[in-house]
Amino acid sequence: MDHISLDELLKQARVDVGALPSAPASPTRQQVRARITTRPAYPCAVCGKGGSMARVLDTDQGVRWLDLCLSHGLAVLEPAPRMPTTMEGILADLREVVAEVAAERGRTPHVRLWTDEDGWQDTPMDDQHRYHLTLILDGRPARHGWWGVEAVAREKFTLWVSECSGKAGSRVILTDEHTGAVLTTWPKQP
């Protein structure tokens with residue numbers, strides 16, 4: 001299911017918020033945890049399946065619990081700032097961490113990917129990482145990242161620039177490993 005606003009989801013599903021169960025005005029984490037772990041699960045207000053997420057709505061009829069199944073809960077969940085929102089972005093972040101840990105331990109990075117369609121796939125880092133990002137601090141490489149999708153690499157470039165923009169002597173470089181071309185640098189060179 002694609003992302004949708006909570007208001008739009010409730011409107012499309014014709015959820016009567018006044019009929020939702022009453023909730024405490026400011027539930028504790030323990031109260032929310034108890035609600036989502038209760039068995040049998042509370043039904044999703046949209047589809048009736050077992051709920052796995054709970055929210056509190058402040059409505060004209062008072063404070064109400066909104067129970068949602070995983071699918072509907074994720075559809076209305078707002079991503080955290082700087083979090084990837086695509087599968088490619090998530091995998092790129094995971095591969096970046098694997099590459100950093102492997103480099104620290106002096107090993108060759110290796111990733112195994114599971115998909116429902118294809119099962120286990122070995123994905124050597126070299127085959128998946130055409131676009132190379134380098135952060136240079138005080139004239140020395142301090143961080144590396146490799147991605148197979150240029151758009152993801154450019155998003156990372158922007159993120160790295162924002163993280164180090166106040167640090168003197170920092171530089172970020174994005175290169176295409178297949179062609180050897182420098183795609184962009186920060187700060188821009190004259």
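Computed over heavy atoms, backbone and side chain alike; hydrogens, waters and symmetry mates excluded.
The side-chain contact (heavy atoms from CB on, under 4.5 Å) check on Gln31 picks up Pro24, Pro27, Thr28, with sequence neighbours excluded. With sequence neighbours excluded, the residues satisfying side-chain hydrogen bond (donor to acceptor under 3.5 Å, both in side chains) with Thr184 are Lys188. Partners of Ser5 by side-chain contact (heavy atoms from CB on, under 4.5 Å), not counting sequence neighbours, listed by chain and number: Asp7, Glu8. By the side-chain hydrogen bond (donor to acceptor under 3.5 Å, both in side chains) test, Ser22 is found to be paired with Arg64, residues two or more places apart in sequence or in another chain being considered.
Side-chain contact between Ile173 and Leu133: absent, with no pair of heavy atoms (C-beta onward) separated by less than 4.5 Å. Using a 4.5 Å heavy-atom threshold, the side chains of Thr134 and Arg143 count as separate. In this structure, the side chains of Leu57 and Leu20 come closer than 4.5 Å at one or more pairs of heavy atoms. Counting heavy atoms from C-beta outward, His132 and Leu174 have side chains that stay 4.5 Å or more apart. For the pair Ser170 and Trp186, the minimum side-chain heavy-atom distance is below 4.5 Å. Leu159 places a side-chain heavy atom less than 4.5 Å from the side chain of Glu163. Val149 is not listed as a side-chain neighbour of Arg130, based on a closest heavy-atom distance of 4.5 Å or more.
In plain terms, the two heavy atoms of Pro43 and Gly48 that are nearest each other are CB-O, 3.6 Å. For the pair Ala45 and Val15, the tightest heavy-atom approach, listed with the atom from each and the gap, is O-CG2, 3.5 Å. In terms of heavy-atom proximity, Leu137 sits nearest to Ala142 at CD1-CB, 3.8 Å. Counting all heavy atoms, side chain and backbone alike, Gly73 lies closest to Met53 at CA-SD, 3.2 Å. The two residues Leu68 and Val76 make their nearest non-hydrogen contact at CD1-CG2, 4.0 Å. Closest heavy-atom contact between Cys164 and Leu135: SG-CD1, 3.7 Å.
Hydrophobic side-chain contacts under 4.5 Å tie Val32 into a cluster, directly or through other members, with Val56, Val63, Trp65.
Separating the SG atom in Cys69 from the CG atom in Leu74 is a distance of 8.5 Å, to the nearest 0.5 Å. Here the straight-line distance linking atom SG of Cys44 with atom NZ of Lys49 works out to 8.5 Å at 0.5 Å rounding. How far OH of Tyr131 is from OG1 of Thr175: 10.5 Å, rounded to the nearest 0.5 Å. In this structure, Phe157 CZ and Ser162 OG are separated by 10.5 Å, a value rounded to the nearest 0.5 Å.
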Next item on the list: Evaluate side-chain contact (heavy atoms from CB on, under 4.5 Å) for Gln12 paired with Ile4, printing each intermediate quantity in order.
Entry: CA-CA 10 Å; Gln12 284 181 7; Ile4 186 171; 3.6 Å; yes
Notebook entry, point to check: Can you list the steps and then say if Val172 with Ile136 is a side-chain contact (heavy atoms from CB on, under 4.5 Å)?
Noted result: CA-CA 6 Å; Val172 182; Ile136 298 173; over 6 Å; no
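Each salt bridge (charged side-chain N to carboxylate O under 4.0 Å, His left out) pair with one or both residues in residues 16-42, not counting sequence neighbours, appears once here: Arg35-Asp67.
Residues Tyr42 and Ile36 do not share a hydrophobic cluster, defined by chaining ILVMFWY side chains whose heavy atoms lie under 4.5 Å apart.
A perpendicular orientation is assigned to the rings of Trp160 and Trp147, their planes being inclined by more than 60° (bins at 30° and 60°).
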